[in-house]
Every structure is written in C-alpha cells, then in structure tokens.
Amino acid sequence: MSTTTLTVAPLTTHDADLLLTAARRAAEAAGVTVSVTVLDAGGHLLAFRRDDRAVLISGETSTRKAYTALQLNAPTADLVDAVQPGGLFHTLPTALDRPLLFIAGGVPVHRDGRLIGAVGVGGGAPEQDHGFATAAVAALV
C-alpha cells in the first residue's frame, strides 16, 4: 500500500513581513494607524508592528484577533454573531493562554488549503481592521 504525504510550506518570516507590510500600507492609505500581528500555525509570534501613533491597546487587540482567527480557523468578522446569546460560541470558555477576541480584524492564512497562520489588525474600526487584514492575506497569494 502506497501512502502520499502532502507537505505544505509553513508561514515564513518573509511571508510574515509581507503580510505586515501589506496590512500597514492598506491602513496608511485609509489614514488609519494600526498594530499588526502575524502568528504561525502554532500560535507563535512571527511579526508585530505598532505604529507610533496607534493606541497602546491596539497591539494586544491585534494579537488576540490573530489568535482567535487561528484557533477557530475563521475570520473574526464571521464569528461576531456566534458569541451573542444563543450563538454557537456563547458559552465558549476564555480561560485559554490568551482569551479569544470576537471583533473583526483577525484572518486565518491558508496555503494549499491548509491553515499556516493568522494575521490580526487593531487600531481602526473593526470593519476597517478586517479590510486591512484581508488585504494582507490577498497580497500573500
């Protein structure tokens, strides 16, 4: 019996820099100062950047958005309703290493259909952050 192993290249620091740069450029074009976090598939920090003018909490926000997108393998914008009363994740415990954050701005990163990391953006309105993160992922392809 023959088995085939599918190998998918992991998210590299070069990829992380590209994601970070693309998100920041999208934010700058909109006149928004943000923080951007890029995590690998294991949840390890690959890249982080907080603009000097961004509020300090935006760094924690971007990291938690990326972590949430990674753990649930879904854009955080798609999960907002799930934490409302009666939603799928309404009773999801948040006593993890890092609590999940169900606010738009976190997007998983896939390669060849496999989850390889996530990008999170914080500092703008949630819808803006989601757009910046989505633009970053699109730039990686």
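Remember, it's a predicted structure, so these values are computed and weren't measured experimentally. Below, all heavy atoms of this structure are taken into account, side chains as well, without hydrogens, waters or symmetry copies.
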Could you state the interatomic distance from [atom1] ([X]) to [atom2] ([Y]), rounded to the nearest 0.5 Å?
X	Y	atom1	atom2	result
L46	L19	CG	CG	9.5 Å
H110	L140	NE2	CG	12.0 Å
T63	L39	OG1	CG	6.5 Å
E60	Y67	CD	OH	11.5 Å
T12	D40	OG1	CG	10.5 Å
T37	R50	OG1	CZ	11.5 Å

Are [X] and [Y] side-chain neighbours, meaning at least one heavy-atom pair lies under 4.5 Å?
X	Y	result
D15	V38	no
D129	T76	no
K65	V121	no
T21	R49	no
V34	Q128	no

Over all atoms of both residues, closest heavy-atom pair of [X] and [Y]:
X	Y	result
F48	S62	CE1-OG, 3.9 Å
R111	P10	NH1-O, 2.9 Å
L20	A47	CD1-CB, 3.7 Å
A22	A135	CB-O, 4.4 Å
P108	P75	CD-N, 3.5 Å
V119	A133	CG1-O, 3.8 Å

Item to complete: Please check if the side chain of R24 supplies one atom and the backbone of V36 the other of a donor-acceptor pair under 3.5 Å.
Response: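 A pair under 3.5 Å: no.
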
